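As structure tokens, the structure follows; a few thoughts come after it.
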Amino acid sequence: MRGLMMDRPLMISHIIKYAEATFPDQEIVSRTAEGLLHRYTYRDAARRSRQLANVLRSLDVKMGDRIATVAWNTYRHFEIYYATSGIGAICHTINPRLPVDQFAYIINHAEDRYVFLDVTFVPLLEKLQGQLKGVEGYIVMTDAEHMPQTSLPNVYCYEELLQDQSDEFEWPEFDEYTASSLCYTSGTTGNPKGVLYSHRSTLLHAFSVLATPGLDLNEESAVLPVVPMFHVNAWGVPYFGPMVGAKIVFPGPKLDGESLATLINDEGVTEAWGVPTVWLGLLGYMRKTGQKFKALKRVLIGGSAAPGAMITEFERDYGVQAVQGWGMTEMSPVGTVSFLRPKDRSLPPEKQLEIKVKQGRALFGVEMKIVDENGNRLPHDGKAFGELLVRGPAITCGYYRNPEANTSAFDAEGWFRTGDVARIDPDGYMEIVDRTKDVIKSGGEWISSIDLENEAVGHPEIAEAAVIGVPHPKWGERPLLVVVREQGSNLDKQGVLDFLRGRIASWWMPDDVVFVDELPHSATGKLQKVKLREQFKDYKLPTVEEV
Ligand code: ADP
């Protein structure tokens with residue numbers, strides 16, 4: 001027997017309609033690509049999204065068409081999110097920091113019809129235009145006054161297009177499984193792979209994030225998504241923020257410590273979401289200037305492991321709760337969030353920290369399992385670790401037009417292989433031990449490179465650390481620790497090893513410590529172990545001779 005409830009589709013346009021009706025005066029503040037500070041309300045955003053929907057219709061954009069954005073986090077990007085998806089087209093956000101050949105590949109693979117771009121990225125698109133045969137036009141996200149001279153063909157000015165259009169538009173309704181947005185993951189090998197979200201998955205993900213215990217987002221929150229809208233929809237902030245009427249503060253192109261600190265304090269930001277690299281910059285600036293945060297209550301740290309030292313600094317020195325999240329582009333992206341269980345709150349601070357550095361418990365709608373090398377399930381006992389697989393309604397069931405990648409991405413039961421190695425404890429607390437590619441296989445046992453890195457950055461004179469496995473005739477592989485020292489530090493190998501002794505199992509002790517000026521990072525700010533391994537391919541461990 002079917003229930004007798006209305007069959008109303010979950011639509012992205014419902015979010016902006018709801019925000020306009022329910023929180024019309026709530027603010028959206030943006031630092032723009034032109035360097036201005038812009039502020040308006042949800043009412044304005046909804047009105048301009050409707051104007052933009054009319055623009056898209058006038059350009060003959062239809063259901064299913066891919067429309068690219070190459071843009072910072074600003075109100076115009078926000079409008080494009082709603083206008084494209086709202087008419088059934090697909091908002092294809094592109095990471096401008098990708099290598100140029102991958103960038104062109106993505107636009108051609110997706111067959112984008114139009115590209116929306118911030119003024120900052122005009123030179124990049126000019127350089128590539130010859131390779132982008134399918135693009136019919138470029139829309140520069142600015143007004144007439146800031147419109148640059150450009151060699152781009154069929155170029156339009158965003159504000160000029162908008163001003164000619166009516167703000168009357170009825171958002172169409174269609175099947176909630178319709179594709180809404182597209183994001184390519186920058187895999188470490190091969191071409192990037194497209195993850196195609198739907199209206200349904202986007203709304204379910206937003207509901208799940210909002211239902212996370214302890215997140216407590218509401219009309220009194222002011223959220224700063226430092227995490228880019230050009231990558232996995234800024235972790236969903238532009239969707240779940242309006243659902244609860246939160247003020248949104250978009251940082252535009254300025255992501256350095258000083259600019260972020262100013263925006264956070266001037267705009268009364270209460271929650272800020274971003275990757276560890278961004279918070280390193282912010283904390284460095286706060287330390288140097290001795291400033292304090294005025295209203296900031298919580299930072300969400302995700303995208304790579306949150307170092308314990310960073311969590312401690314936020315909480316101890318600034319009274320800001322630091323919460324770790326784990327996820328992937330393929331998961332919309334949030335999978336787990338690390339809030340303390342009520343029973344953990346009475347633990348001493350160092351025991352609490354041991355829990356906070358873990359990745360956390362699953363969002364509603366995310367199922368997790370860990371398996372051994374033969375695909376057999378491992379117990380959730382907090383001890384056994386193996387490859388982590390996930391499933392859920394906001395998790396991809398196949399990359400966009402990429403049958404090759406899809407053959408290895410799922411197991412026989414259709415679970416998605418994350419490529420992460422993890423433990424899960426009896427309370428459902430997940431802890432990433434490593435990437436399947438990065439774990440160090442020493443004498444038949446696995447050493448977690450991430451655990452070692454987290455311990456190393458606990459040293460006050462270590463700014464950043466990376467651990468890679470180096471071939472060893474007796475053990476197969478042994479860990480090499482590569483360190484970036486804080487400025488002015490003379491820390492040496494012995495100093496590092498002495499610090500680690502007692503903090504890690506003795507057989508995990510790195511066989512060598514090497515100091516470098518900087519570590520390679522990807523376009524999304526992640527440590528690039530592939531590059532690092534390449535850099536150290538001729539390196540020989542001093543312990544090899546002892547064999
Ligand atoms: P994104 O770029 O959106 O973070 P990717 O799909 O490029 O997503 O990368 C996802 C991977 O990033 C995860 O599989 C995991 O290895 C790593 N990652 C994300 N968050 C964390 C975290 N909190 N701790 C450790 N690793 C993380």
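One-based numbering, in listed order, for ligands and for the atoms of each. Every value quoted in this text rests on a predicted model; they were computed, and no experiment measured them.
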- May I ask you to establish whether R76 and F116 are in a cation-pi arrangement, using a distance under 6.0 Å from NZ or CZ to the six-membered ring centre and at most 45° from the ring axis? no
- Task: Identify, by atom number and element, the atoms of ligand 1 in contact range of V232, meaning under 4.0 Å from any of its heavy atoms.
- Result: 3 (O)
- Message: Quick check: F207 with F240 (ring centres under 6.0 Å apart)?
- Response: no
- Task: Check each atom of ligand 1 against the heavy atoms of R435 and keep those under 4.0 Å away; list them by number with element.
- Result: 13 (C), 14 (O), 15 (C), 16 (O)
- Measure the distance from atom 20 (N) of ligand 1 to every protein heavy atom, then report the residue, atom name and distance (to 0.1 Å) of the closest one. G303 N, 3.2 Å
- Can you name the closest pair of heavy atoms from V337 and T212 and give their distance? CB-CG2, 3.8 Å
- side-chain contact (heavy atoms from CB on, under 4.5 Å) with I447: which of L452, V439, I504? L452
- Calculate, to the nearest 0.5 Å, the distance between atoms OG and CD1 belonging to S449 and I468 respectively. 10.0 Å
- Message: Is it the case that ligand 1 has an N or O less than 3.5 angstrom from some N or O of I450?
- Response: no
- Message: Just to check, does E330 reach to within less than 4.0 Å of ligand 1 when the distance is taken from its heavy atoms?
- Response: yes
- Aromatic contact, H205 with Y239 (centres under 6.0 Å): no
- Protein heavy-atom partner closest to atom 24 (N) of ligand 1 - residue, atom, separation in Å: Q359 NE2, 2.9 Å
- Task: Establish, yes or no, whether a centroid distance under 6.0 Å links the rings of F78 and W72.
- Result: no
- Note on the structure: Across all chains, not counting sequence neighbours, the side chain to side chain donor-acceptor pair (under 3.5 Å) partners of R66 are Y400
- Check D420 against ligand 1 and report side chain, backbone, both or neither, counting heavy atoms closer than 4.0 Å. side chain
- Item | Per-atom contacts of ligand 1 with A305, taking only distances under 4.0 Å to non-hydrogen atoms | 22 (C), 24 (N), 25 (C), 26 (N)
- Pair E330 + K193, salt bridge at N-O below 4.0 Å: no
- Note on the structure: If we number the atoms of ligand 1 from 1 as shown, the ones under 4.0 Å from a heavy atom of Q324 are 22 (C), 23 (N), 24 (N)
- Query: Counting heavy atoms only, which of P192, P228, G325 comes nearest to atom 23 (N) of ligand 1?
  - Reply: G325
- Task: Report, in ascending order of atom number, the atoms of ligand 1 lying under 4.0 Å from any heavy atom of H231.
- Result: 1 (P), 2 (O), 3 (O)
- G302, any N or O under 3.5 Å of ligand 1 N or O: no
- Task: Would you mind finding which of S522, G327, G419 brings a heavy atom closest to atom 10 (C) of ligand 1?
- Result: G327
- Task: May I ask which of K526, K193, M430 has a heavy atom nearer to atom 4 (O) of ligand 1 than the others do?
- Result: K526
- Task: Please collect all side chain to side chain donor-acceptor pair (under 3.5 Å) contacts where either partner lies in residues 377-389, sequence neighbours excluded, each pair once.
- Result: none
- ligand 1 versus M328, non-hydrogen atoms closer than 4.0 Å: side chain, backbone, both, neither? both
- Task: Could you name the option among T329, I301, L300, V421 that has the heavy atom nearest to atom 6 (O) of ligand 1?
- Result: T329
- Query: Looking at ligand 1, does any of its N/O atoms fall within less than 3.5 Å of an N/O of A306?
  - Reply: no
- Query: Do E486 and H459 have side-chain N/O donor and acceptor atoms under 3.5 Å apart?
  - Reply: no
